[in-house]
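All of these numbers come straight from a predicted model, not from anything done at the bench. When reading the values below, keep in mind they use all heavy atoms of this one structure, side chains included, and skip hydrogens, waters and symmetry mates. Naming convention: chains lettered A, B, ... in sequence-line order (proteins, then strands); numbering from 1 in each chain.
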Amino acid sequence: MGRQITISCFRFNPNIPGDKPRMQDYKLEEYEGMTLFIALNDIREKLDPTLVFDFVCRAAICGSCAMLINGRPRLACKTMTRNLPSHFTVMPLPVFKLIGDLSVDTGKWFRDLQMRTEAWIHTTKKFDFNALEVRMDNKIAEEIYEPERCVECGCCVACCITANIRDDFMGATGINRVCRFIIDPRDERADAEYFEVVGDEGGTFGCVGLMACDDMCPMELPLQENLAFVRRKMAGAGLKLTFPGIKL
Amino acid sequence: MSAKNTHYCDVLVIGAGLAANRSAIEAAQAGLSVIILSLVPPRRSHSTAAQGGMQASLGNVAMGKGDNPQIHFEDTVKGSDWGCDQEVAKMFCETVPSMIRQLDSWGVPWNRVTAGKKKYASGIETEDTKEKEGLITARDFGGTAKWRCCYTSDGTGHTVVFVVDTVVCKLNIPVHDRVEAISLIHDGVTCYGCVARDLRNGELNVYLAKSTIIGTGGAGRIYAASTNAVICEGTGGAIALKTGLVPLGNMEAIQFHPTGMPPVYILMTEGARGDGGYLLDKNMHRFMPDYEPKKKELASRDVVSRRMVQHIRAGFGVDSKYSTQQHLWLDIRHLGQKWVWTNLREIANIAMNFNGVDPAKELVPVIPTQHYTMGGVRTNKDGAAYGLKGLFAMGEAACWDLHGFNRLGGNSLAETVTAGYICGKQVAKYTLGATQDFNMKVVEDAVKFEEENINNLISGKNGKENVYDIRTAMGTTMMEHVHIFRTGKALEQGVAKLQELYKRSLKIGLRSSGQGANPELALAIKMPGQVRTALCVAYGALMRTESRGSHFREDFPKRDDANWLKRTLAYWKEGADLPTLDYEPVATPLLPPGDRGYGEASAGPVKK
Amino acid sequence: MELAKNLNASVNKSFGKTDLLVDLAQSISGVILIGFLWMHMLFVATIVVSPELFDALSEGLDKYYLAQFGIPATILVIIIHIFLAGRRAPLRLRDLRITYRMASLMKHYDTWVWVGQVITALGVGIMASMHLWTILTHWPLRAATSAARVASNGPADITWGSFTFPYYVVFYVIFLIFGEYHGGFGLYRILVKWGWWERHTMGWVLKGITVIIVVLGLTALYTFTKIAANPALGGAIH
Ligand SMILES: Cc1cc2nc3c(=O)[nH]c(=O)nc-3n(C[C@H](O)[C@H](O)[C@H](O)COP(=O)(O)OP(=O)(O)OC[C@H]3O[C@@H](n4cnc5c(N)ncnc54)[C@H](O)[C@@H]3O)c2cc1C
Ligand code: FES
């Protein structure tokens, strides 16, 4: 016999006229290895078929299932209920547009981010189908992979006070994404060009340094390191732009 | 009422996984207007979950020296147990190296060759030369003669999906995410596009295009336990099947991966064994060498999975605290802390997160689990679906037939981008030459049909069946009757149960109001299609009285090339409760059937 | 159209540079102020060693016009810092509400620390002006005058029977703690944003320094009250 758990769920479906935001309690029996993926699906299948939430991979790989669990943003699929008290709350991520209950629109937000930071390799080289690949040091490949591991779950944005206050702040994920391209030798952009996309308060200089992102990233990306790296890099680029001829 | 919005474009791409996105890029680069539909934002597609790597015969790493497309081709055909389309396989093996390099130019951080002597945990010693340093490296994967699985640490699928999506962004191809295609619109000859439901608000929209591409991925979720994401429900295939004109090919060919981790059956990548991991039984005995002295843990997946179940049946399984099923152990402790937490970090994390097990120190429970659908919408080698003009399919949703009856690890990510490229070009060619009149009556009827269906589900006009009960019953039926070891009797029972479930699935009534982004309604709409798909698998398996690749019949344990060197085509006629099966011959012009070199079924006599 | 686009782009670009300069200036002014604060506290703490040392130091500062130059300069930096850092504080009611809600939901340590910094900033701003005012109106600054100031009863005598509320002692204890809290964590934040160091270790180092300085400050304060009670200890104004 498992323990009885009570999940207080945020409920609100903006598509249903007259619906009001509220918290609703569900009681479940916990069992061995229960994750929130299992628990929420149990609720939907057995208690309340209207409950809206998102899961895709259920293996902490795709970043779909981020929500506030007892107030903190986490990936629900890898959160074991046994690590939570017997009564806990789940709420949708703030900042992102609410679709219903626990589901928010991260897709559009992140696509806008890609477009805004021009998050793709900028190169003048034409791909030659018959040529060998350009050589690269394995170390650099591994370095690029580090920030590239971001799954765009939105946890770092949701827990960031700046992102909660300012609509135009791209969050740690945005700065981290630019970091990935700065490291990549295949991207031919000059620092001044990166400066154009992150060198303002919507980007790297908007960060106040609260580091909730660093503490709550489910992929445990070294966000403090990456953010500081981009900040220094962009400070250098910006100073050069402001005082042409300066040596840094 | 009619559809809320109607969108027109040249090429409609259903799906935003690797295959779909890669083909969208080809079409967009040809100057066509493209719209991509997807259940989820592209980067959350299931392709992201692929950890292991992508096969391409670059031959850079020392253990891949001398590799070439011909050897890759032979491995693929042997792996498929001669069930694949050899022309497709050849074309694929020749194209895939440049695909890997193109992905590199787009930004995939492939791991590279580092010069020097190396000793792998598996005991193999090699030396990589300076001459190859900095070129793309590869790791070992099951069923291959050479090391050719290109990878980025433990996140190959993730990096490739992200990078391909950057190109989609760069080309500014519109992606309509949280949109589900629920039926194809066609006039009996040509495909017009689809009716789609907006999962943000429940509205129905129409998408009309000269060409429609299905790139919706696998159908693993018709099984109760699967390594697949929860959105891998085979909807693309199901809506094609529903037309009555388009067949699904080889649906009985389902791959079971040796190492799914209970209780949620998340995949432990083949890379774990490729890097030197062992399988142990309850006595901590490494049993695979007893069965497969040559390839050991790295025989093809179908073989390893069967050997594991065989070993469990022989009484060597470990009692599980997670389920009634017994399991075995995956042992990678000897690879060492550093190797496990860098090169296999993703699975180390998974074991840690979901079972509280540190694989560098402890054993990981594993059990063969449904993993891949070799079958799908049957297409020709250009990716054009049988039966309807202007309809294409690629990736796991398609039966291009690269994999026959067993897919090699690493060949499917490689297939997605290669098919996306090759077939995407063909789609562009076709679309540039096509004109299309849309008979609006046909379109309106299609929308009306779906609307009525939805209204009936909400009102419970056809019945009050619970959709979740049906899904659960379908899943367990597939587990009990259509799994790794199959027999005529069990399959017959399975088919009967599924037929019963199919009838019930037509009488589903919602318990909720069905308003807005209602998840119960979303499932109810596609439930009959899922049971139809399951029936294609079960019935196809019942009728195929031989064993080939991953399709293993205990009552017909040998491969039978005389009678069964053919591909199953399953059609669904309107009003039927079983698919109609047809067959087409499988040609073997380049490599005649022979011994795979591993496994039990291949040793059968080659009848003339 | 093209013109408008170019204009827009160049305007945005120069804004970008402003953002950088403002951010840099905020960090630099912060570093200067924390440097000042720590020096200041070390100087004040010389009273613990001996009033003579304290006086010698402060006379030296006067003699070489370091005080005359340093005090206005510091005031200027403080004003700049208030303006620059202030723009980051959640000043609108909506922002305050969001900040409070998220901080209490998440129970995230660094976020709460920052809320504390915003509050202490307010306190430090007010108390620093008061402190400056009293010093400048009681010039010169020597052990004896400082001791007298610390021991005096402040703007209004509040007494309960024989007990007199030690206005200045309480004022300085609060000022000290607020100042060090704001400065210590401020430096931590600056280093987190720009630096190479792992922040948890760095946090502990900074906390250590802050505690030492606070203890020094409290000891100095205690010494001043002792001197005030027994002027013989403090010597006369030289
Ligand atoms: C855990 C795991 C690990 C794997 N590892 C490897 C590996 O290492 N190497 C390898 O080669 N292969 C691997 N595979 C297999 C490989 O990942 C998949 O076969 C491949 O990614 C399928 O890609 P796809 O583009 O066909 O489909 P998917 O990536 O599954 O994409 C399907 C897309 O279709 C969309 N879609 C589905 N239905 C609809 C609908 N009705 N309307 C609109 N959109 C829809 C989805 O939103 C999604 O965007 C692995 C598979 C799994 C399960
Ligand atoms: S469902 Fe994919 S990360 Fe949780």
Side-chain angles (χ1 to χ4, degrees), chain A residues 13-16 32-33 35 37-38 44-46 48-52 54-64 78 80 99-100 103 105-108 110-111 114-115 118-121 123 125 127 129-138 140-142 144-145 148-149 151-152 184 186-187, chain B residues 40-41 43-44 46 48-49 98 100-102 104-107 109-114 133-137 152-153 155 158-159 162 165-167 169-170 172 175 177-178 200-202 229-231 263-264 266-267 321-322 346 349-350 353-355 468 510-513 515-520:
Chain A
N13 192 331
N15 286 304
I16 298 180
E32 176 75 37
T35 60
F37 163 71
I38 299 174
R44 184 191 277 175
E45 289 180 22
K46 301 191 185 115
D48 187 343
T50 60
L51 187 63
V52 182
D54 296 319
F55 286 100
V56 176
C57 71
R58 58 83 180 83
I61 292 171
C62 75
S64 302
K78 75 161 177 183
M80 313 281 293
I99 288 177
S103 167
D105 198 344
T106 46
K108 186 170 174 323
F110 275 99
R111 170 89 180 202
Q114 315 306 338
M115 302 311 283
E118 301 190 9
W120 50 81
I121 296 280
T123 179
K125 290 199 190 77
F127 175 67
F129 271 82
N130 300 312
L132 275 189
E133 63 271 24
V134 178
R135 286 173 201 254
M136 185 193 274
D137 195 349
N138 191 51
I140 296 186
E142 281 171 357
I144 300 170
Y145 180 60
E148 178 80 327
R149 285 173 58 232
V151 297
E152 304 191 341
D184 197 326
R186 292 166 293 195
D187 196 316
Chain B
V40 294
R43 296 176 185 203
R44 311 218 191 284
H46 187 53
T48 292
S98 47
I100 297 283
R101 294 184 181 121
Q102 186 179 45
D104 181 60
S105 76
W106 284 347
W110 295 116
N111 278 68
R112 307 289 168 143
V113 175
T114 51
E133 190 162 49
L135 296 175
I136 296 169
T137 190
T152 52
S153 300
H158 173 90
T159 54
F162 271 53
D165 194 50
T166 64
V167 181
C169 290
K170 181 178 169 189
N172 208 354
V175 177
D177 69 339
R178 290 188 187 263
R200 286 183 172 82
N201 50 30
V230 296
I231 58 167
V264 261
I266 299 174
L267 183 80
K321 61 174 175 174
Y322 312 107
E346 213 75 53
N349 273 328
I350 288 171
N353 290 334
F354 295 91
N355 271 338
Y468 295 109
L510 298 193
R511 285 169 302 152
S512 59
S513 69
Q515 273 177 299
N518 182 292
E520 189 190 16

Q: With a 4.5 angstrom heavy-atom cut-off, could you sort out which part of B:His158 is near chain A: side chain, backbone, both or neither?
A: side chain

Q. Does any heavy atom of chain B fall under 4.5 Å from the side chain of A:Asn15, the backbone, both, or neither of them?
A. side chain

Q | Top contributor to chain A contacts, counting heavy-atom pairs under 4.5 Å, from B:Val167, B:Asn355, B:Val230 | A | B:Val230

Q) Which bit of A:Gln114 comes within less than 4.5 Å of chain B, counting heavy atoms only: side chain, backbone, both or neither? A) side chain

Q. So how far is it from B:Tyr468 OH to A:Arg44 CZ, rounded to the nearest 0.5 Å?
A. 5.0 Å

(Q) With rounding to the nearest 0.5 angstrom, report the CZ to CG distance, B:Arg101 to A:Leu132. (A) 5.0 Å

Q. B:Arg44 and A:Thr106: side-chain donor and acceptor closer than 3.5 Å?
A. yes

Q.
So B:Arg178 and A:Lys108, do their side chains get closer than 4.5 Å, heavy atoms only?
A. no

**Q.** Choice from B:Ile136, B:Asn518, B:Asp177, B:Thr152 maximising heavy atom contacts with chain A below 4.5 Å
**A.** B:Ile136

**Q.** Considering all heavy atoms, the nearest B:Ser98-A:Phe129 contact
**A.** CB-O, 3.6 Å

Q: Examine whether an atom of A:Arg149 lies under 4.5 Å from a heavy atom of chain B, and if so say whether it belongs to the side chain, the backbone or both; otherwise answer neither.
A: both

Q: Drop me the distance from B:Glu520's CD to A:Glu45's CD, to the nearest 0.5 angstrom.
A: 10.5 Å

Q: Could you tell me which non-hydrogen atom of A:Thr50 sits nearest to which non-hydrogen atom of B:Ser512, and how far apart they are?
A: CG2-CB, 3.2 Å

(Q) Nearest 0.5 angstrom please: B:Ile231 CD1 to A:Asp54 CG, how far? (A) 10.5 Å

Q: Counting only heavy atoms closer than 4.5 Å, note whether B:Val264 contacts chain A via side chain, backbone, both or neither.
A: both

Q) What closest approach, in Å, do B:Trp106 and A:Ile121 show between heavy atoms, and which atom pair accounts for it? A) O-CG1, 3.0 Å

Q) At what distance, to the nearest 0.5 angstrom, does CD1 of B:Ile100 lie from CD of A:Glu133? A) 9.5 Å

**Q.** A:Asn130, part contacting chain B, at a heavy-atom distance under 4.5 Å
**A.** neither

Q) Any sub-3.5 Å donor-acceptor pair from B:Arg200's side-chain atoms to A:Ile99's backbone N or O? A) no

Q: Please flag which part of B:Ile350 lies under 4.5 Å from any non-hydrogen atom of chain A: side chain, backbone, both or neither.
A: side chain

Q: Below 4.5 Å from any heavy atom of chain B, which atoms of A:Arg58 appear? Answer side chain, backbone, both or neither.
A: both

Q. Between A:Cys57 and B:Ala229, which heavy-atom pair has the shortest distance, and what is it?
A. CA-CB, 3.9 Å

Q) By a 4.5 Å heavy-atom criterion (distance strictly below it), what part of A:Met80 contacts chain B: side chain, backbone, both, or neither? A) side chain

**Q.** Under 4.5 Å from a heavy atom of chain A, the part of B:Ser105 involved
**A.** both

**Q.** Part of A:Ser64 lying under 4.5 Å from any heavy atom of chain B
**A.** both

Q | Structural part of A:Ala119 lying under 4.5 Å from a heavy atom of chain B | A | backbone

Q) Mind checking what makes salt bridge (Lys or Arg N to Asp or Glu O under 4.0 Å) contact with A:Glu152, not counting sequence neighbours? A) A:Arg177, B:Arg43

Q: Return the minimal non-hydrogen interatomic distance between A:Gly107 and B:Pro41, and the atom names on each side.
A: CA-CG, 3.5 Å

